[in-house]
Structure formats: structure tokens, C-alpha cells
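For reference, the structure is listed below as C-alpha cells.
Worth saying up front: this structure is predicted, and the values here are computed from it rather than measured. Labels below follow one simple rule: chain letters A, B, ... track the order of the sequence lines, proteins then strands, and each chain is numbered from 1.
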2 protein chains.
Amino acid sequence: MAAASRVLHEQGVEKTTLADIARVAEVPLGNVYYYFKTKDQLVEAAIDAHALNFHAMTASLDLHTAAPRDRLKALLRGWVEQRELTARYGCPTGTLCSELDKRTDGLDRVAAEVMRLLIDYAERQFRSMGRSDSHELAIALVAAYQGISLLTNTFRDPELMTGECRRLERWVDSLA
Amino acid sequence: MAAASRVLHEQGVEKTTLADIARVAEVPLGNVYYYFKTKDQLVEAAIDAHALNFHAMTASLDLHTAAPRDRLKALLRGWVEQRELTARYGCPTGTLCSELDKRTDGLDRVAAEVMRLLIDYAERQFRSMGRSDSHELAIALVAAYQGISLLTNTFRDPELMTGECRRLERWVDSLA
DNA sequence: GTCTATACTTCGATAGAC
DNA sequence: GTCTATCGAAGTATAGAC
């Protein structure tokens with residue numbers, strides 16, 4: 001599962017073969033099918049793992065950081081810390097949503113749920129700050145992150161993430 | 001070529017077969033290879049066509065709109081007008097950059113050039129407005145657009161584009 | 001230049017021994 | 001549960017008639 005998550009992010013879903021995953025996981029190809037009936041099921045499991053990961057991150061954040069504004073700034077710091085990975089392979093959530101959208105099966109909806117988790121979390125923080133426009137602000141924040149992730153990846157320049165997150169931090173601070 | 005551009009945007013590069021393109025173009029499969037030696041060459045030609053399209057759009061914009069601030073707002077209006085297409089298939093440039101990044105050949109760099117065109121155009125307008133931080137502003141504007149394109153597409157909701165572009169217009173207006 | 005037929009390769013998926 | 005061998009479908013690319 002860990003091998004699958006990593007390789008799917010690095011190579012993309014379409015370009016990743018089950019042989020790739022089996023090789024990285026150091027198991028024979030046929031073995032993969034003992035745990036996952038189809039490639040789609042494996043991809044869905046990887047998305048679920050990603051969602052669990054996000055829940056764990058926000059739970060820890062809620063526990064250690066009380067002020068909603070600080071939680072948002074912690075999100076920004078986390079994005080900056082991941083900038084090298086993002087420059088190389090893009091945002092894991094964003095690349096999944098972008099790629100899986102092209103599919104006719106329901107797998108794109110599963111990816112969309114993870115994106116929804118992020119927006120909802122940001123929206124809760126803005127609401128706790130007393131903003132009535134919390135939804136619009138959350139959309140703007142996540143859009144800015146997804147957009148700069150794409151540019152960071154497209155131009156292979158991690159410092160794009162640093163600069164934009166600095167700007168976003170000033171923006172978060174400027175909100176009453 | 002027109003058929004290829006459309007299908008590649010709608011289905012994505014990886015999920016589009018040459019048979020798909022041949023069918024939409026109403027030519028037999030083998031015929032495609034008379035004009036393009038490989039699928040990669042066809043994709044590259046589609047990207048080039050997209051770049052030409054962008055040049056035509058900005059040339060017309062420069063001709064009919066004098067004030068740089070109005071040119072930026074015209075860009076925003078164009079994005080809102082395309083919102084239904086974006087909700088269904090994403091931003092043509094953004095989806096290409098995201099998908100082609102996963103490739104080892106040089107095709108990802110070709111897609112990045114188109115993204116660069118957009119950033120450079122925005123940057124020139126901000127500079128004409130007398131902003132010394134024109135580069136940072138251009139990155140922020142394009143990132144916001146690419147991000148909201150991804151969300152619009154992920155949630156299949158064209159009104160996300162409408163709302164965010166309204167916010168961006170206020171932002172552009174607020175800049176000295 | 002246009003079209004049909006097909007060769008070659010890759011990959012998802014399965015069969016069946018151990 | 002693990003592993004090897006292989007089937008069958010799909011898709012890129014080519015050969016060669018017209």
C-alpha cells in the first residue's frame with residue numbers, strides 16, 4: 001500500500017503499471033491481485049489512505065494549536081515544507097483530482113472527497129475566526145494552494161511555493 | 001488537428017487513443033500517421049496550436065483594450081465565460097501541464113512554455129500599472145486561476161469560477 | 001495522399017503449482 | 001498466502017494496395 005501510494009503520486013495513475021508497484025513493493029506481480037481485485041480498487045485504497053492521513057494531520061493540529069488563525073498558518077507552513085516534493089510531483093490531492101476527472105467510472109468522486117475535506121477544514125477555521133464569508137475564503141485559500149502547487153510543479157521551482165505562502169500568510173493575518 | 005485538440009482536452013492525453021482522434025476527425029486510423037509520425041508529435045502540435053491561440057487572443061486584447069488593468073479584467077471575464085467548459089474538462093493549459101509533468105520525455109517543457117506565456121502577459125500588465133512586484137502579482141493571479149479551475153472541475157461547479165473571478169476583480173481594482 | 005489490414009508491444013488480469 | 005507463467009485486450013505503429 002505504501003509503495004502504491006508513493007508510485008501513484010510520482011508517476012501518475014495512468015502511467016503506473018501494477019508491475020511498477022509490485023517491483024517497488026518487492027512482491028511478484030501476481031501477488032498484487034491477492035489483495036486487490038483490480039487496479040481501480042488499488043487506486044481507491046490509495047485515495048482512502050490519503051484521506052486517513054489528512055484526518056490524522058488535522059486531528060493533531062486541532063490538539064496542539066488552539067487559535068484557528070494559527071491552524072491556517074500551520075497548514076501554510078506544512079505546504080512550504082513539502083515544497084520539494086510538490087516541485088517534483090505536484091500536490092498529491094490535486095494531481096489525483098486532475099487526472100481522475102478524465103475517467104468515466106466513479107473514481108473521480110472519491111478523489112473529490114479528499115479535496116472537500118481540505119476545504120471544509122479551512123472553512124471551519126475561518127468560521128471560528130468569526131468570518132461570515134468563510135466558505136468563499138476557504139475556496140480562495142485552497143485554490144491559491146492548488147494553483148501554486150501546479151506552477152511549482154510545472155516550473156520545477158520550490159521557491160514559488162515559499163513566496164506564495166508568504167503572501168497568503170500576510171493575507172490570513174490581514175483578515176479581521 | 002482541431003479534432004485532436006478537442007479530444008485531448010476532453011479525455012486527457014493518456015486516455016486518448018489515436019483511434020479516438022481518427023474517429024472524431026472522420027479519417028481512418030492509418031491516415032493519422034501520414035501527418036504525424038508518432039502520438040507525441042501530435043500532442044506537441046496540439047500544444048503549439050494552443051500557444052498560437054493564446055497569442056491571437058492577447059494580440060486582439062492589446063489592440064482593443066489600452067489600460068493594463070482593463071486587460072487583466074478582460075482575462076478574468078474570458079475565464080468566467082469559459083466556466084462551463086472548465087467545469088467539465090478543466091483549464092486546457094493546466095490539465096496539460098499537470099498530466100505531461102509525469103512524463104520522462106521533454107513534452108512537459110513544451111506545456112510549461114504555454115503557462116509561461118500567460119504569466120508573462122499578466123506580468124507585463126502589472127508592470128505597466130507601475131507595480132514593482134509585478135512578477136509576484138502575476139504568479140498570484142495565474143495560481144488563483146489555475147487553482148479555481150481545478151476546483152471548478154473537481155466539483156463540476158461553474159459558479160466557483162464566477163465567485164472567485166469576482167473576488168479577483170476586486171483585488172485587481174484594489175491595487176494602486 | 002488515402003485507406004485496409006496487421007504486426008508488435010504493453011499491460012491488466014487469471015490459472016494453477018507450491 | 002506466495003509465486004510463475006500466460007492469456008486476452010487494447011493501442012501504437014507499419015506495410016502495402018489503391
Contacts table for residues 40-47 of chain B: side-chain donor-acceptor under 3.5 angstrom, sequence neighbours left out:
{"unit_1": "B:Asp40", "atom_1": "OD1", "unit_2": "B:Arg103", "atom_2": "NH2", "d": "2.7"}
{"unit_1": "B:Asp40", "atom_1": "OD2", "unit_2": "B:Arg103", "atom_2": "NH2", "d": "3.1"}
{"unit_1": "B:Gln41", "atom_1": "OE1", "unit_2": "B:Lys37", "atom_2": "N", "d": "3.4"}

Could you tabulate the donor-acceptor pairs under 3.5 Å formed by side-chain atoms of residues 92-99 of chain A, not counting sequence neighbours?
{"unit_1": "A:Thr95", "atom_1": "OG1", "unit_2": "A:Cys91", "atom_2": "O", "d": "2.9"}
{"unit_1": "A:Thr95", "atom_1": "OG1", "unit_2": "A:Pro92", "atom_2": "O", "d": "3.2"}
{"unit_1": "A:Glu99", "atom_1": "OE1", "unit_2": "A:Val13", "atom_2": "N", "d": "2.9"}
{"unit_1": "A:Glu99", "atom_1": "OE2", "unit_2": "A:Val13", "atom_2": "N", "d": "3.1"}
{"unit_1": "A:Glu99", "atom_1": "OE2", "unit_2": "A:Glu14", "atom_2": "N", "d": "2.8"}

Report summary line: A:Asp157 meets the salt bridge (Lys or Arg N to Asp or Glu O under 4.0 Å) criterion, sequence neighbours left out, with none

Requested in this report: Could you give me the CA-CA distance, side-chain angles and deciding distance for B:Thr162 and B:Glu159, then say whether side chain to side chain donor-acceptor pair (under 3.5 Å) is met?
Outcome: CA-CA 5 Å; B:Thr162 312; B:Glu159 296 318 309; 2.9 Å; yes

Report task. With sequence neighbours left out, write down each residue that passes side-chain contact (heavy atoms from CB on, under 4.5 Å) with B:Gln82, or none if nothing qualifies. Result -> B:Leu85, B:Thr86

Taking distance alone, no hydrogens or angles, what donor-acceptor pairs closer than 3.5 Å link side-chain atoms of residues 114-124 of chain B to residues at least two apart or in another chain?
{"unit_1": "B:Tyr121", "atom_1": "OH", "unit_2": "B:Asp62", "atom_2": "OD1", "d": "2.7"}
{"unit_1": "B:Glu123", "atom_1": "OE1", "unit_2": "B:His135", "atom_2": "ND1", "d": "2.9"}

Requested in this report: Sorted by first residue and then second, give each ring pair (Phe, Tyr, Trp, His ring centres under 6.0 Å) pair with at least one member in residues 23-65 of chain A; sequence neighbours left out.
Outcome: none

Requested in this report: Tell me, please, which residues at least two apart from A:Asp70 pass side chain to side chain donor-acceptor pair (under 3.5 Å).
Outcome: none

**Report entry** Start and end of the DNA chain D segment that chain A contacts, any atom under 4.0 Å from a heavy atom
**Finding:** D:dG1 to D:dT4

Requested in this report: Please list, by residue number, the residues of residues 8-27 of chain B whose heavy atoms come closer than 4.0 Å to an atom of DNA chain D; answer none if no residue qualifies.
Outcome: B:Thr16, B:Thr17, B:Leu18

Query raised in the report: In residues 33-43 of chain A, what residues come within less than 4.0 Å of DNA chain D, judged by heavy atoms?
Result: A:Tyr34, A:Tyr35

Report summary line: Quick note, salt bridge (charged side-chain N to carboxylate O under 4.0 Å, His left out) partners involving residues 165-176 of chain B, not counting sequence neighbours, are A:Glu136-B:Arg170, B:Lys73-B:Asp173, B:Glu164-B:Arg167

Report summary line: So the side-chain hydrogen bond (donor to acceptor under 3.5 Å, both in side chains) pairs with at least one residue in residues 143-154 of chain A (sequence neighbours excluded) are A:Asn153-B:Asp101

